[in-house]
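Structure first, commentary second.
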Number of protein chains: 2
Amino acid sequence: MMGARMTGLGGAEADRLFQALGDPTRRAILDRLAAGPSSVSGLAGPLGITLTAVSQHLGVLEGCGLASTRKAGRVRTCSIEAAGFDRLQGWIDAHRASWDRRLDALGDLLAEED
Amino acid sequence: MMGARMTGLGGAEADRLFQALGDPTRRAILDRLAAGPSSVSGLAGPLGITLTAVSQHLGVLEGCGLASTRKAGRVRTCSIEAAGFDRLQGWIDAHRASWDRRLDALGDLLAEED
DNA sequence: CAGATAGTGAAGTCATTGCTTCACTGATGG
DNA sequence: CCATCAGTGAAGCAATGACTTCACTATCTG
């Protein structure tokens, strides 16, 4: 029984992913990481928040596969990660099918209405 | 011209969208709406929450263009909306480009100072 | 008309979140 | 060594979020 969803994320995973992206600071971190790897301090500086705060955000981003980090010496280097992104796209693709179907059928009705 | 919305969302809009999708109840509402329009009560029943709660979620979903509602008589009929969905895909496309670029060219460069 | 139905608005509760400070560990370099 | 520098863990705090209940306004229907 393949009860596991191949549609991508289970509920909890989708929660984590969307909630992670729902925070502007976290998206700013990802944007910065998209330009290249960075240390925690390198992220904290421009953002105007503490190292601790960045570290916490990093935890969330790693938790849903949007970023990965590894520590060399006393410096933690953070990079962007594909996995979470792929899951996100997967969720969207899985849902777009049914949504679009419905939207298509609905478009006319709504347009006709005054 | 050139699209009224570039990368789509400004920060605040992305916030609303991702946060809206970050809630399981809201996603459940959307799933149900994907199967066809429904009244507020029709949504509340299966979800096991009050009409008020659904009404609040609906406000959020409308606020970011993921759903639309109209009231006929005393019944509010809710439908899924394309706009928010398109914005979501737009955001993803816009960001996937740079992310993929970085992920593809992933070297072991050290973090750069900004 | 009375009475049920469908939904809204305004609080209020309880948990979560984003951030901070403080105390601390480990590298690193003079 | 000793003084920093980069980061972490644990509390704590203010703000937000997801619900609820209660009171209330329409809107049907018998």
Side-chain angles (χ1 to χ4, degrees), chain A residues 11-33 36-64 66-79, chain B residues 11-33 36-64 66-79 84 108-114:
Chain A
E13 282 178 280
D15 276 13
R16 269 181 248 142
L17 199 51
F18 283 122
Q19 279 172 11
L21 289 168
D23 181 77
T25 305
R26 235 128 47 196
R27 286 200 311 278
I29 289 178
L30 288 177
D31 279 346
R32 196 156 201 93
L33 254 34
S38 171
S39 68
V40 177
S41 322
L43 292 168
L47 287 169
I49 57 179
T50 60
L51 292 185
T52 306
V54 174
S55 209
Q56 287 164 350
H57 283 305
L58 249 13
V60 174
L61 292 173
E62 283 194 87
C64 62
L66 284 166
S68 69
T69 73
R70 57 200 151 75
K71 201 163 181 179
R74 61 180 173 180
V75 175
R76 174 172 300 275
T77 303
C78 319
S79 323
Chain B
E13 282 178 282
D15 275 14
R16 269 181 248 142
L17 199 50
F18 283 121
Q19 279 173 10
L21 289 168
D23 181 77
T25 305
R26 238 135 36 200
R27 286 199 313 278
I29 289 177
L30 288 176
D31 277 346
R32 185 166 185 94
L33 254 34
S38 170
S39 67
V40 178
S41 320
L43 292 169
L47 287 169
I49 57 179
T50 61
L51 293 185
T52 306
V54 174
S55 208
Q56 287 163 350
H57 283 305
L58 249 13
V60 174
L61 292 173
E62 282 194 88
C64 62
L66 283 167
S68 69
T69 73
R70 47 182 43 210
K71 201 163 179 178
R74 63 180 171 178
V75 175
R76 175 172 299 275
T77 302
C78 319
S79 322
D108 20 36
L109 303 170
L110 287 181
E112 30 80 337
E113 257 297 297
D114 189 56

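Just the heavy atoms: all of them, side chains too, but no hydrogens, waters or symmetry mates, feed the values below. All figures in this text were calculated on a predicted structure; none of them were measured in a lab. First the proteins, then the strands, lettered A, B, ... as listed; each starts at 1.
Rounded to whole angstrom, the span from the NZ atom of A:Lys71 across to the P atom of C:dT25 amounts to 13 Å. When rounded to the nearest whole Å, the span between CG of A:Leu47 and P of C:dT20 equals 10 Å. Rounded to an integer number of Å, the gap from A:Arg76 CZ to C:dT25 C1' is 14 Å. Put simply, CG on A:Leu21 is 12 Å from P on C:dG18, counting in whole angstrom units.
Residues A:Cys78 and A:Ser38 form no side-chain contact, since every pair of their non-hydrogen atoms from C-beta on lies 4.5 Å or further apart. Proximity of A:Leu21 to A:Leu30: side-chain heavy atoms (C-beta onward) are separated by under 4.5 Å at one or more points.
Smallest separation of non-hydrogen atoms from B:Arg26 and B:Gln19: NH2-O, 3.0 Å.
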_Return a single string for nucleotides 17-30 of chain D, one symbol per nucleotide in 5' to 3' order, where B is base contact, S is sugar-phosphate-only contact and - is none, cutoff 4.0 angstrom on heavy atoms._
SSBBB-----BS--

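Summarising the geometry, atom CG belonging to B:Leu33 is positioned 8.0 Å from atom CG belonging to B:Leu61; distances are rounded to the nearest 0.5 Å.
With sequence neighbours left out, B:Ala14 forms a side chain to side chain contact (heavy atoms under 4.5 Å, CB included) with A:Arg27, B:Leu9, B:Phe18, B:Trp91.
No option in B:Leu47, B:Val40, B:Ile29 other than B:Ile29 meets the side-chain contact (heavy atoms from CB on, under 4.5 Å) test with B:His57.
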